[in-house]
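Structure first, commentary second.
Order of appearance sets the numbers: ligands from 1, and atoms from 1 within every ligand. The structure displayed is predicted, hence computed values, not measured ones.
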Amino acid sequence: MKGEPELFNEIDLDKYESLKEAPENEPERQYYYMAKCRELIGLIEKKKGRKLTVYNLVVGCQMNAKDSEKIQGILTQIGFEKTDAEETADMVIYNTCTVRENANLKVYGRLGYLNSLKRERPDMLIAMCGCMMQEKHVVDTIKEKYRFVDIVFGTYNIYKTAELLYLRLTGGNMVIDIWNENKGIVEELPAVREYPFKSGVNIMYGCNNFCTYCIVPYVRGREKSRTSADIIDEIKKLVKDGVREVMLLGQNVNSYGKGLEEDITFAKLLYMVNDIEGLERIRFMTSHPKDLSDDLIYAIRDCKKVCRHFHLPLQSGSDTVLKRMNRHYDQERYLGLVKKLRDTIPDIAITTDIIVGFPGETDEDFEETMKVVEEARFDGAFTFIYSKRTGTPAASYPDQVSADIVKKRFDRLLSRVQAIASERISAHQSKVMEAMVEGMDDHLEGYVTGRLSNNVMVHFPGDGSLIGKIVPVMLKESKGFYYIGEMV
Ligand code: SAH
Ligand code: SF4
Ligand code: F3S
């Protein structure tokens, strides 16, 4: 209908196919390349007598997940069918993460596997993209040791997927396109969502915080907020297309709005999103404690669609370590925020991220982390062993902690955070809460899996017709980190 927002999933590619030259302007340029790729892929389809398939693997955070939905959107327009069967896929694309070393190592392992696949099927296409590709040493290694890779691109130019594929299909060499900065992201592109009923929405890109252990600012660039009008428009389109829950995405959503001409904060944005008719749930990821304002806490309290879950990464409980991490808050400020959140919104679940073994972390420092864990009583925590990332300041700190000490601390921390989380979660037993049904249960026949507002999962008897709906569920039995329930 005229005047109503539409998604970009039905671009009239025929209009672009006949153009003699690629338009200079975006997104038209990409529409043109989608049309051109569709033509070329169509010829291969005819020869093979079937559709071509793509295996689209994504690791890392929600930003990467969102990026991969955009990549899949482009590939679907071109004519690829999504498949879970990597070994027979005509195209394989990996969207990589490099936040910790093990994510990185896994990719090299998989590249070895892809090499063996490609030896048997030389016409398969292999593309690598995402955060890891923004590191020069990675691209150098691919150029040197993994010559069979067809396309390499980074985090700033995923919207060019069609153009790069076209270059590869019409030329002979590996296509590498890595940018060093965010030159402006083209948003008017198709996407294939993993879930029809929920979606991530980028509200900002990049990060300016430069925590000394973290590689994200180097691979995702400087912080850049989208205008509230663009964000609201995208969410309205999504809602029209069946989305009931959005997750507002940014590395530090609390500093949303800085650098924009409009007078806006994350708190104000939440009120605006909360007003969107048809939308039922709002989540966000991630909040940095240094920028968490009272206004934001009140906004969460007042906006009924905002879920009762706050992820507030602690990283360390020690003031010395926090300083060396460049986090700009101390233990007292952090615990003050937890208290304020719980006093203002009593049913809120607070989860966190903690790093163990940051360079120079002493036994006393670690005890401070344990102290915060006891006092904050997190509903959940992701615990990580510090991983040295080349190029970050902490990588060259002299006092790296030995692996066996780190392991001991890590195990102790993990068992405490698990015990506390399980106690906190179990406290809801016998309550009735609303769950958004996300899918059929993988383990229990005849059960569905739902997510509560506080982010805890509940499994209960039900069928596929419930998927995407929000239903009241009685939490019958706590299993520690999840519930078995029954719809009421
Ligand atoms: N922007 C988010 C975090 C993104 S990375 C924030 O600031 O909260 C997700 C988590 O990975 C971080 O919270 C941190 O706990 C962990 N992490 C990041 N770099 C790491 C490293 N070098 N070693 C171990 N864990 C790391
Ligand atoms: Fe990394 Fe810190 Fe930015 Fe989070 S806020 S992405 S931990 S630099
Ligand atoms: Fe990983 Fe990149 Fe996210 S490094 S955590 S996928 S921003």
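- For atom 9 (C) of ligand 1, the closest non-hydrogen atom of the protein is D353 OD2, 3.8 Å.
- Considering both main-chain and side-chain atoms, Y213 comes within under 3.5 Å of ligand 1 through a nitrogen or oxygen pair.
- In summary, E234 and K66 engage in a salt bridge, as defined by a charged side-chain N under 4.0 Å from a carboxylate O.
- Of the protein's non-hydrogen atoms, the one nearest atom 2 (Fe) of ligand 3 is C131 SG, 2.2 Å.
- Nearest non-hydrogen protein atom to atom 4 (S) of ligand 3 is T98 N, 3.3 Å.
- Of the protein's non-hydrogen atoms, Q315 OE1, 2.7 Å is the one closest to atom 15 (O) of ligand 1.
- The nearest protein atom to atom 8 (O) of ligand 1, hydrogens excluded, is given as P313 CG, 2.9 Å; this is a heavy-atom distance.
- The protein atom (non-hydrogen) at minimum distance from atom 18 (C) of ligand 1 is V99 CG2, 3.5 Å.
- Taking a cutoff of 4.0 Å between a charged side-chain nitrogen and a carboxylate oxygen, D140 and K136 qualify as a salt bridge.
- For atom 5 (S) of ligand 2, the nearest non-hydrogen atom of the protein is N209 ND2, 3.4 Å.
- Between E361 and R324 there is no salt bridge, since no side-chain nitrogen of the basic residue lies less than 4.0 Å from a carboxylate oxygen of the acidic one.
- Taking the ring centre of F384 as origin, the terminal cationic atom of R100 falls inside the region bounded by 6.0 Å and 45° from the ring axis.
- In this comparison of H288, R100, M325, Q251, the heavy atom closest to atom 3 (C) of ligand 1 sits on Q251.
- Heavy-atom contacts of V216 reach the following atoms of ligand 2: 6 (S) (cutoff under 4.0 Å).
- Of all the atoms in ligand 3, the ones that sit under 4.0 Å from a non-hydrogen atom of V99 are 1 (Fe), 4 (S), 5 (S).
- Residues Y94 and L57 are in side-chain contact: their nearest non-hydrogen atoms beyond the backbone lie under 4.5 Å apart.
- Here the side chain of Y483 pairs a donor or acceptor atom with the backbone of H428 at under 3.5 angstrom.
- Of all protein heavy atoms, the one closest to atom 3 (Fe) of ligand 3 is C61 SG, 2.3 Å.
- Using a 4.0 Å cut-off to heavy atoms of Q251, the atoms of ligand 3 that qualify are 7 (S).
- Proximity to R220 (heavy-atom distance under 4.0 Å) selects the following atoms of ligand 3: 7 (S).
- Scanning all protein heavy atoms for the shortest distance to atom 3 (Fe) of ligand 2 gives C207 SG, 2.3 Å.
- Look at D411 and K407 and you find a salt bridge, because one of the NZ, NE, NH1 or NH2 atoms lies within 4.0 Å of a carboxylate O, short of that distance.
- Of the protein's non-hydrogen atoms, C211 N, 3.4 Å is the one closest to atom 8 (S) of ligand 2.
- No heavy atom of N252 sits closer than 4.0 Å to any atom of ligand 1.
- In summary, the atoms of ligand 2 found under 4.0 Å from a heavy atom of R327, numbered by their order in the structure, are 2 (Fe), 7 (S).
- Heavy atoms of P217 found under 4.0 angstrom from ligand 2 belong exclusively to the side chain.
- Screening R342, H309, H311 for a side-chain contact (heavy atoms from CB on, under 4.5 Å) with I350, the sole residue that qualifies is R342.
- Nearest-heavy-atom check against atom 24 (C) of ligand 1 across I354, V216, I385 picks out I385.
- In summary, the atoms of ligand 2 found under 4.0 Å from a heavy atom of F210, numbered by their order in the structure, are 8 (S).
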Can you list the steps and then say if N115 with Y146 is a side chain to side chain contact (heavy atoms under 4.5 Å, CB included)?
CA-CA 8 Å; N115 191 15; Y146 303 92; 5.9 Å; no
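- For atom 7 (O) of ligand 1, the nearest protein heavy atom (residue, atom name, distance) is R327 NH1, 3.6 Å.
- The protein atom (non-hydrogen) at minimum distance from atom 22 (N) of ligand 1 is S387 O, 2.8 Å.
- At a threshold of 4.0 Å, the pair R168-D177 does not count as salt-bridged, since none of the basic side-chain nitrogens sits closer than that to a carboxylate oxygen.
- Annotation: atom 7 (S) of ligand 2 to nearest protein heavy atom, Y213 OH, 3.3 Å.
- Counting only heavy atoms of the protein, atom 1 (Fe) of ligand 2 lies nearest to C214 SG, 2.3 Å.
- Scanning all protein heavy atoms for the shortest distance to atom 4 (Fe) of ligand 2 gives Q251 O, 4.3 Å.
- Every atom of ligand 2 with a heavy atom of H288 under 4.0 Å away is listed here by number and element: 5 (S).
- Not a single heavy atom of M132 lies less than 4.0 angstrom from ligand 3.
- Applying salt bridge (Lys or Arg N to Asp or Glu O under 4.0 Å) to E367 and the options R409, R416, R412 leaves one that passes, R412.
- The nearest heavy-atom contact from the protein to atom 1 (Fe) of ligand 3 is C97 SG, 2.3 Å.
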